[in-house]
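Only one structure is covered here, and it is reproduced in the block below.
If you're wondering where the values come from, they're calculated on a predicted model, not measured in any experiment. Numbered from 1 within each chain, the chains take letters A, B, ... in sequence-line order. Atom set for the values below is all heavy atoms of this structure, side chains included, hydrogens, waters and symmetry mates excluded.
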Protein chains: 2
Amino acid sequence: MARKSGSDGKKTAQVLRAAATRLFAQYGYAAVSMRQIAAEVGVQAGALYLYTPDKQTLLFQIMDRHMDDLLTAWQGESADSPADPMARLEQFVRFHIRFHLQRVDGVFIAYMELRNLSKENFAVIEAKRRQYERLLEAILQDGSAAGRFELCDSKLSSYAIIAMLTGVTTWYRDDGRLSVEKIEEIYLCMVRGLVMQGSAKTGS
Amino acid sequence: MARKSGSDGKKTAQVLRAAATRLFAQYGYAAVSMRQIAAEVGVQAGALYLYTPDKQTLLFQIMDRHMDDLLTAWQGESADSPADPMARLEQFVRFHIRFHLQRVDGVFIAYMELRNLSKENFAVIEAKRRQYERLLEAILQDGSAAGRFELCDSKLSSYAIIAMLTGVTTWYRDDGRLSVEKIEEIYLCMVRGLVMQGSAKTGS
DNA sequence: TTGCTATTTGAACAAATGTTCAGTTAGTTT
DNA sequence: AAACTAACTGAACATTTGTTCAAATAGCAA
């Protein structure tokens, strides 16, 4: 019935976002209640409505922030992009794996909870996902036009590469047998093979 | 309060499974109620408990049946497996894409609803998923041992290939620009490049 | 026709849900 | 010290949830 000692709105907002992200990733949006999230934050459910108009907006803002962070981080990363398409592809692959392994919960939600978004919210997130996918597609098309790649199909190659790269988050463990650097190397190796397919044919 | 005219338990059971599969895939297990499933079946919620002990078991049985169908179908498909590892890999890739595109809802649930399974149910499904993944890993290892593949990493190659193949279900449309056959060819091409990566290096 | 079985209805039950808000206390400003 | 604002509590609200089960009807066998 009272304000808690030491309460700080900014701090609570951050704790709320982190708690909601973790619980949505672990159990799923619809399976987690506002009361559960509140308990994790250390407040009552009613207090959450000081920080979010409703549960749907809470989910949307987590996903939207994740996509914005991803696109912004790539913009910074690619500011000094090399000219060589293979080097740019390498830059993208390393970036994708590194960024995603640092935000496994956010990535998980961004891919798993699309169905729980309202139509309008879905459209916003979908547009940003397509924007990110087009980044890779552009790299692939440039490389193909420059004769550096021999793609099986431009669009499907970008779908396939994104799928395999994002798939890393489904099995990666911090204490696993492979470091992030090693995983980057191995996935780079596989992606090179995938985009250089034509050379593989002539080599056999 | 009465039995419906023309009611047939076997038929209702099949309709229930199909309706639950479609609704779980479209909205998610936790977001769909037994009343919604019942409405889709054309009965009241109480009637569902003649066919399933509870909601969790309904989900589990859908996922379990899907995995059983997948493993059984592969067993039939690979009964006359060619000896050449590349041909066997091709067989697997075609099979995976074809099977998954014929059961998009089932596939979706099998991958998306793991979190909603109880511990015991999860263990059962997880074991079958690993069994399927090992099928591909065995093909890759045999090909590598025979000198036909030059893998970047045996285990990660199988993870990456499964991820990209399964990812097809996230964008495929029946009326899209590509036929299932064409998709198979393109993904085969990409998978070949991925497993022949070493040859690509020496070719450059 | 009678008796039995199968299949369903419809309401009940206990519990949980998202959201609201008057009231209370902590922190800040005057 | 007083006044104001911020941050929370706790209960209420309407609704929904999974599940149960007595009763009713349809289908089938004798």
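Checked for salt-bridge contact, B:Asp142 and B:Arg88 meet the test: a charged N lies under 4.0 Å from a carboxylate O. Between A:Arg115 and B:Glu113, at least one side-chain N (NZ, or NE/NH1/NH2) sits under 4.0 Å from a carboxylate O, which counts as a salt bridge. A salt bridge between A:Glu137 and A:Arg134 is absent, with no side-chain N of the basic residue lying under 4.0 Å from a carboxylate O of the acidic one. Salt-bridge formation is not detected for the pair A:Glu185/A:Lys182: no Lys NZ or Arg NE/NH1/NH2 atom is positioned less than 4.0 Å from an Asp or Glu carboxylate oxygen.
Checked by atom type, the side-chain pair A:Ser81/A:Gln91 shows a donor-acceptor distance below 3.5 Å. Between the side chains of A:Asp69 and A:Thr72, no donor-acceptor pair of N or O atoms lies under 3.5 Å. For the residue pair A:Ser154/A:Gln141, the side-chain donor-acceptor check at 3.5 Å is satisfied.
Ring geometry for B:Phe92 versus B:Trp74: interplanar angle over 60°, hence perpendicular rather than tilted (30 to 60°). Ring geometry, A:His96 versus A:His100: the interplanar angle falls under 30°, so the pair is classed parallel (tilted spans 30 to 60°).
The phosphate of D:dC8 (OP1 or OP2) has a side-chain N or O of A:Thr12 nearer than 4.0 angstrom. Residue B:Gln44 has no polar side-chain atom (N or O) positioned under 4.0 Å from OP1 or OP2 of C:dT8. Residue B:Lys4 places at least one side-chain N or O under 4.0 Å from the OP1 or OP2 atom of C:dT9.
Computed from coordinates, the A:Leu48 CG to D:dG10 C1' distance equals 14 Å when rounded to whole Å. Atom NZ in B:Lys11 sits roughly 18 Å away from atom P in C:dA6 (whole-Å rounding). Following rounding to the nearest Å, A:Leu50 (CG) and C:dT24 (P) show an atom-to-atom distance of 19 Å. Here C:dT7 presents its C1' atom at 16 Å from CD of B:Gln14, a figure rounded to the nearest Å.
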Restricting to nitrogen or oxygen on both sides, can you table the protein-nucleotides 28-30 of chain C pairs closer than 3.5 Å?
none

Distances for protein N or O near nucleotides 15-19 of chain C N or O, under 3.5 Å:
{"residue": "C:dG18", "atom": "OP1", "partner": "A:Lys55", "partner atom": "NZ", "Å": "2.9"}
{"residue": "C:dG18", "atom": "OP2", "partner": "A:Met34", "partner atom": "N", "Å": "2.9"}
{"residue": "C:dG18", "atom": "N7", "partner": "A:Arg35", "partner atom": "NH1", "Å": "2.7"}
{"residue": "C:dG18", "atom": "N7", "partner": "A:Arg35", "partner atom": "NH2", "Å": "3.4"}
{"residue": "C:dG18", "atom": "O6", "partner": "A:Arg35", "partner atom": "NH2", "Å": "2.8"}
{"residue": "C:dT19", "atom": "OP2", "partner": "A:Tyr49", "partner atom": "OH", "Å": "2.9"}
{"residue": "C:dT19", "atom": "OP2", "partner": "A:Lys55", "partner atom": "N", "Å": "2.9"}
{"residue": "C:dT19", "atom": "O4", "partner": "A:Arg35", "partner atom": "NH2", "Å": "3.4"}

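Side-chain contact between B:Tyr159 and A:Tyr172: absent, with no pair of heavy atoms (C-beta onward) separated by less than 4.5 Å. Contact annotation: the side chain of B:Arg17 never approaches that of B:Tyr51 to less than 4.5 Å [non-hydrogen atoms, C-beta and beyond].
Residues from residues 18-26 of chain B that place a heavy atom under 4.0 Å from any atom of DNA chain D: there are none.
Here D:dT25 is the nucleotide among D:dT25, D:dA7, C:dT8 with the atom lying nearest to any side-chain atom of B:Arg3.
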